[in-house]
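Notes for the one structure printed next.
Numbered from 1 within each chain, the chains take letters A, B, ... in sequence-line order. Here the structure is a predicted model, which is why all the values come from computation and not from measurement.
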Number of protein chains: 2
Amino acid sequence: MTAPGPGTVRPGGRTARVRDAVRAATLAELSEHGHHGLTVENVAARSGVHKTTVYRRWGGADGLIADALDRAAAEPWPVPDTGTLAGDLRDLARLVLAGLTDPAQEPLTRAFVLAAAHSAAAARALHAFYARRHEQSAVIVERAAARGEVPAGTDPAEVVRTAVAPLYHRAFITGEPVDAAAADRAAAAACAAARAGALVAPGPEPPPRGRPRPAH
Amino acid sequence: MTAPGPGTVRPGGRTARVRDAVRAATLAELSEHGHHGLTVENVAARSGVHKTTVYRRWGGADGLIADALDRAAAEPWPVPDTGTLAGDLRDLARLVLAGLTDPAQEPLTRAFVLAAAHSAAAARALHAFYARRHEQSAVIVERAAARGEVPAGTDPAEVVRTAVAPLYHRAFITGEPVDAAAADRAAAAACAAARAGALVAPGPEPPPRGRPRPAH
DNA sequence: AGGTTAACGCAACCCGCGTTGCGTTACGCT
DNA sequence: AGCGTAACGCAACGCGGGTTGCGTTAACCT
């Protein structure tokens, strides 16, 4: 698709140089001018690569964002491990908070979400990005279940979502402040809901035979 | 701004007719072609109003969306009243679910959120829209507090957000399915968190002198 | 009824994104 | 070293969104 195919291809010097220049220019343009400022012509001008080359290899601005998302998904993601579910969720929410407020990350996060809204390629990349993060973060809930902090069968993805969704909601929907207090409260709410057994996985995977539901 | 000012103005026949035609065409275009299909020229052609008139009165596509948002905010919003917090939150989440899945509402909801992302006017309108909804929904939590279902001082906005944010998160961030099961689980999680006292309002307004925090 | 003027219609224009066809470079292979 | 070809550079074009200046309509007031 976007990356050079596996046939008789030339991943050699010039191609790689062009690719890196365009990728760097894409991130720079996004950071400076945001999503609606990301145009192929600007990226081409900044990178020194010709406009048509960018259109051929990436297909347009959405393709540039999809490529950046694929790279971001491959980067390591420091899953918190504080010893308690409350602490882990708190740190997890703080990581998301940074993605939505840190001047270096915020434009990228917003651009990724917006690009996914009107580009199938970017949407696929965005969903894959978050799917990977969720499965990496699942270990937080699994450790908590092993410690007995939450009932067996608690859905890790649902706990993570409950902890971070309010931050995205503030940033993209209501426009309310996104700060440490909001992050901590969202994490605490997710922790409380998980402890109360409100986030057990439904249907096909019942808790592996034990107490069906801990008394609240 | 967008609406005709209060000075020596002519809200009379022709102006009102043009306004209604453009508004109807805007909603129709949004429903059919979505957000990125909403162009001033299409709205002008469909409404029979000239292109320049639309630009003058609304300023562009974002202004059309901001106007539609202002109208949507004024429409009545059936706040659930089932007698229990769990039931109210469940129905509230189902209302949001409808806004994100019903073919008649979904394009509008998405367009509103996207327009706010790259237009200050649309952002103001969107934030006002949700601020109004939150304050209307607050009565759900207030009734629950009066019934003793949740601790005094529970933040209504935070409870509502916890119940609905996961749905927006699925729709706009992760691309996971948005269905009744997701709505019910989000509502149940918000209910559990509120009951556990994890959503008491911070700072300036302490609970009006009672138990400072219910033992968990 | 008639005048005033806000609001609208109209035609032409500018600009920038995206596309196309062809010539040029330099990577990879023998 | 020398060839074949994938990948890139280049110039020109089409097209649609957005803007401008001026003429026309019809709402409001006396």
Side-chain angles (χ1 to χ4, degrees), chain A residues 1-26 29-30 33-67 111 114-115 118-119 121-122, chain B residues 1-26 29-30 33-67 111 114-115 118-119 121-122:
Chain A
M1 314 271 184
T2 297
T8 53
V9 182
R10 301 183 181 180
R14 185 166 69 165
T15 298
R17 209 158 46 239
V18 164
R19 175 168 40 79
D20 295 343
V22 169
R23 282 174 168 173
T26 298
E29 284 293 320
L30 277 179
H33 309 316
H35 168 254
H36 71 280
L38 180 76
T39 171
V40 172
E41 296 206 347
N42 291 349
V43 171
R46 181 191 282 257
S47 65
V49 174
H50 200 82
K51 186 172 63 163
T52 49
T53 298
V54 178
Y55 277 112
R56 269 194 284 258
R57 288 188 57 177
W58 283 271
D62 297 322
L64 291 171
I65 292 184
D67 183 41
L114 297 184
H118 56 75
S119 159
Chain B
M1 312 269 185
T2 295
T8 54
V9 181
R10 303 182 181 183
R14 185 166 71 167
T15 297
R17 208 158 47 240
V18 164
R19 174 166 42 78
D20 294 344
V22 169
R23 283 175 168 172
T26 298
E29 285 292 320
L30 277 178
H33 309 317
H35 168 253
H36 70 279
L38 180 76
T39 171
V40 173
E41 296 206 347
N42 291 348
V43 171
R46 181 191 282 257
S47 65
V49 173
H50 200 81
K51 186 171 62 164
T52 49
T53 299
V54 178
Y55 277 112
R56 269 194 284 258
R57 286 190 57 176
W58 284 272
D62 297 322
L64 290 172
I65 292 185
D67 182 40
L114 296 184
H118 54 77
S119 159

Q: Tell me, with the steps shown, if His33(B) and Thr39(B) meet side-chain contact (heavy atoms from CB on, under 4.5 Å).
A: CA-CA 10 Å; His33(B) 309 317; Thr39(B) 171; over 6 Å; no
Q. Hey, does Thr52(B) reach any base, or is it just sugar-phosphate, or nothing, if we go heavy atoms under 4.0 Å?
A. base
Q: May I have the distance from Arg56(B) (atom CZ) to dT25(D) (atom C1'), rounded to whole angstrom?
A: 13 Å
(Q) Would you say Thr15(A) places a side-chain N or O within less than 4.0 Å of OP1 or OP2 belonging to dA7(D)? (A) no
Q) Closest to the Glu41(B) side chain: dC8(C), dG18(D), dG18(C)? A) dG18(D)
Q | Closest listed nucleotide, where the reference is the side chain of Arg17(B) and the choices are dA27(D), dG9(D), dT19(D) | A | dA27(D)
Q) Checking only heavy atoms, does the side chain of Lys51(A) share a donor-acceptor pair with the base of dG18(C) at less than 3.5 Å? A) yes
Q | Side-chain heavy-atom pair Leu64(A), Glu29(A) within 4.5 angstrom cut-off | A | no
Q) Considering residues at least two apart in sequence or located in another chain, which fulfil the ring-ring contact (aromatic ring centres under 6.0 Å, His included) criterion with His118(A)? A) His35(A)
Q: Please state how far atom CZ in Arg19(A) lies from atom P in dA26(C), giving the value in whole angstrom units.
A: 18 Å
Q: Evaluate the side-chain contact (heavy atoms from CB on, under 4.5 Å) criterion for residues Leu114(A) and His36(A): first the C-alpha distance (whole Å), next the side-chain angles of each, then the deciding distance (0.1 Å), finally the verdict.
A: CA-CA 9 Å; Leu114(A) 297 184; His36(A) 71 280; over 6 Å; no
Q) What is the distance from CH2 of Trp58(A) to P of dC17(C), rounded to the nearest Å? A) 18 Å
Q. Roughly, in whole Å, what's the span from NE2 in His50(B) to C1' in dG23(D)?
A. 13 Å
Q: State, to the nearest 10°, the angle formed by the axis through the first five base pairs of the helix from dA1(C)-dT30(D) to dT30(C)-dA1(D) and the axis through its last five.
A: 40°
